[in-house]
Amino acid sequence: MTDHEAARREKLRKITELGHDPWGGRFDDRSLIGQLRARRGEIRFVKESGQTVEIPDRDAQPDLDFRGWLQDQGKGEMTGPKVRAAGRIVLSRDAGKLRFINIQDWTGNIQLMVGKAQVGDESWALAECFDLGDFIGVDGKLAYTKTGELTIFAEKLHFLTKSIAPPPDKHAGLADPELRQRMRYLDLAYSDGALDRFRNRTKVIQSVRDTLNKQGFCEIEGPTLHAIAGGAAARPFKTHHNTLDMPLVLRIALELHLKRLLVGGMERVYELGRVYRNEGISPRHNPEFTMLEVYQAFGDYGSMMDLTEAIIADAINAIDGNFKRSWSDTVIDFTPPFDRKTYDELFAEQTGVDATDQAAIKALADKIGFETAGKHPDVIKSEVFEEKVEDALVGPIFVTDYPASICPLTKRKRSNPAVAERFELFIQGMEVANAYTELNDPDLQEKLFKTQLAGLSEEESMAKMDHDFIRALKHGMPPAGGLGIGIDRLIMLLTDSPSIRDVILFPLLRPEGSS
RNA sequence: GAGCCUGUAGCUCAGUCGGUAGAGCAACGGACUUUUAAUCCGUAGGCCAUGGGUUCGAGUCCCAUCAGGCUCACCA
């Protein structure tokens, strides 16, 4: 046991001795600290003559010499509402028989003044057992100190919960990224901005649902345990069901079940949920992440583009309504409509090479040093695109109309079968959304599945072919637009968070002390 | 999976050329009834990530391991 813990346990003992429960209990009728701050206009100064004076608002006049102003009023008394608050002690200063304590709840932070003469010996003895990190409640008068700080002048103290372990540095908070992730509770409680970041995450997710529900979309919950990992090209996590003695995988995408629902007549349907990919970890990849997939019958990728803009604009309004958002040392302008450019236009812009000139593209690829022998011209083009174009897509920008051969499971343009009706939304070089006009021809789908699985043995291929999905398509899936949004990445961009682990409460980490 | 970087007190961090382990905050004792990163006086707190090696001597140099970060790879 550390000295810190021993000292805190000793105070815990004293609290019990004083007749208080160190683990507290229900505490009704408190105001949130944010609400209390909003009530500061009720505070008055009453002069000896009986004249009532309004208190100048320090937020409006930050340079005001409050102490001087107060002296100018002469003798009198500050009056303010009786309030009750509760929170965690985050700062404490004592000045003899007087203590200034800052408590914090999830709406803010406020100072308490506890005077021995004002609260009595009993409460004073309790206050001497307070440590940083404890939860306390207070009844008192909301008013200003001589220096103009909004303060609850304590009349009665309540003990709500003892903190046995010492908190991180009271100003620096937690700096070590490993500790911030492992001990997210401490990060939230003591690191600047951490709690707000995750509350903004909640607001974004709620807003996404609101936007879709308002437009008549229906939220569903598909299975997370799949027999076949379909809908994406990632490696799955494998698991096993004991009673059925059956291998299972965690889902890598939401797509195939949502499309079955289109067949079933759910015309506008979405799922906002977790998917799992057994791939590498990076500042943009966590093994489990939150994905939104939306399908709209009788729509196409164009309908999805408008919807994507609406989802993002509404999410920003839900946070703070600021469409010019800082991102690292730059600013992203999210004001819709976003730029829309075709794949070929961007290719030509960034490389100076005509996107339809296969020979010139191959020459460029050779110059970069790519292996080009035996590759499909569109594959070469796509490799050059990733190398030369994607990083330049600071966006937000919709990249539309991809070469059909690199997205086989997408419907082609009727006017040009070499082009797939697909867009991706890029922001700061990061792929945030991906949408298609969905393929609904079961024979073509089956053929393309087979081609996609061609590299695998027949046995593996059969195991990965989702025959039920093909069967569903045979019953008729209406023409539809489909959209996927990486919600964690969107939240990263909206909260100026450079790593996906900053917006996932409990990202995957190796266990501690695994040596 | 590869390369580079990091790991020192509860927290944030110094630690020079290899020569007895440092600071701020937090803690403990004391002074102070309007402080606000309060101040002042005093005290205590260390498996220098772990395990080896080199050396008279290692926080420091070398090797391995563990954990984390970044870059790359992987990744509709």
Side-chain angles (χ1 to χ4, degrees), chain A residues 1-11 66-67 70 78 89-102 109-119 124 131-133 143-151 153 163-183 186-187 190-191 230-236 252-253 255 275-287 289 291 293 382 386 402 406-410 420 422-424 431 433-436 448 452 482 484 486 498-499 501-502 507-515:
Chain A
M1 196 193 304
T2 63
D3 291 351
H4 290 81
E5 185 173 333
R8 283 160 179 265
R9 285 187 184 276
E10 173 57 19
K11 287 179 190 165
F66 191 91
R67 198 187 288 265
L70 198 59
M78 191 94 69
I89 299 174
V90 291
L91 275 177
S92 178
R93 310 167 282 288
D94 37 322
K97 300 291 176 281
L98 202 59
R99 275 169 179 250
F100 294 91
I101 295 169
N102 282 72
N109 177 307
I110 197 165
Q111 173 173 279
L112 317 181
M113 197 193 84
V114 181
K116 189 179 184 187
Q118 290 84 344
V119 297
W124 183 254
D131 282 306
L132 296 183
Y144 289 99
T145 59
K146 284 177 188 169
T147 54
E149 179 73 15
L150 188 66
T151 298
F153 291 81
S163 165
I164 295 295
D169 187 275
K170 65 186 182 185
H171 308 117
L174 280 186
D176 181 344
E178 181 178 354
L179 288 182
R180 294 182 66 164
Q181 291 162 34
R182 267 189 215 289
M183 307 219 258
L186 290 184
D187 185 36
Y190 296 102
S191 303
R235 279 176 292 169
I252 57 172
E255 174 161 346
V275 298
Y276 306 85
R277 295 188 181 178
N278 207 338
E279 305 282 358
I281 295 176
S282 86
R284 292 168 183 197
H285 299 83
N286 194 60
F289 62 100
M291 175 101 115
E293 287 196 32
S382 140
E386 279 172 30
Y402 280 65
I406 60 167
C407 17
L409 303 182
T410 308
R422 171 193 187 186
F423 74 77
E424 288 193 278
E431 181 195 331
N434 191 5
Y436 306 92
L448 292 170
Q452 198 180 44
S499 167
R501 291 187 290 278
D502 297 330
L508 185 68
L509 292 173
R510 287 189 156 92
E512 269 177 291
S514 54
S515 50

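Treat the numbers as computed from the prediction; the structure is a model and nothing was measured. Every chain is numbered from 1, with letters handed out A, B, ... down the list of sequences.
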Report task. Examine B:G69: is either OP1 or OP2 under 4.0 Å from a nitrogen or oxygen in the side chain of A:Arg501? Give yes or no. Result -> yes
Query raised in the report: How far does CD of A:Gln181 sit from CG of A:Leu174, to the nearest 0.5 angstrom?
Result: 11.0 Å
Query raised in the report: Is there a Watson-Crick or G-U wobble partner for B:A21 with both distances under 3.5 Å, and which nucleotide is it?
Result: none
Query raised in the report: Side chain of A:Gln111, base of B:U35: donor and acceptor closer than 3.5 Å?
Result: yes
Query raised in the report: Quick one: which of B:U35, B:U33, B:A67 gets closest to the side chain of A:Leu98?
Result: B:U33
Report task. Compare the minimum distances between each of B:U12, B:U34, B:G45 and the side chain of A:Lys146, then state the nucleotide with the smallest one. Result -> B:U34
Query raised in the report: Base, sugar-phosphate, or nothing: which does A:Asp176 touch, judged by heavy atoms less than 4.0 Å apart?
Result: sugar-phosphate
Query raised in the report: Taking any strand in view, what nucleotide pairs with B:U55 in a Watson-Crick or G-U wobble way, both distances under 3.5 Å?
Result: none
Query raised in the report: Are OP1 or OP2 of B:C25 and a side-chain N or O of A:Lys170 less than 4.0 angstrom apart?
Result: no
Query raised in the report: Is the base of B:C75 touched by the side chain of A:His285 through a donor-acceptor pair closer than 3.5 angstrom?
Result: yes
Requested in this report: State the pairing partner of B:A67; accept Watson-Crick or G-U wobble contacts with both distances under 3.5 Å, and report none otherwise.
Outcome: B:U6
Query raised in the report: So, A:Glu178 and A:Arg180, do they make that salt bridge, N to O below 4.0 Å?
Result: no
**Report entry** Nearest-angstrom distance, C1' atom, B:G30 to B:A44
**Finding:** 15 Å
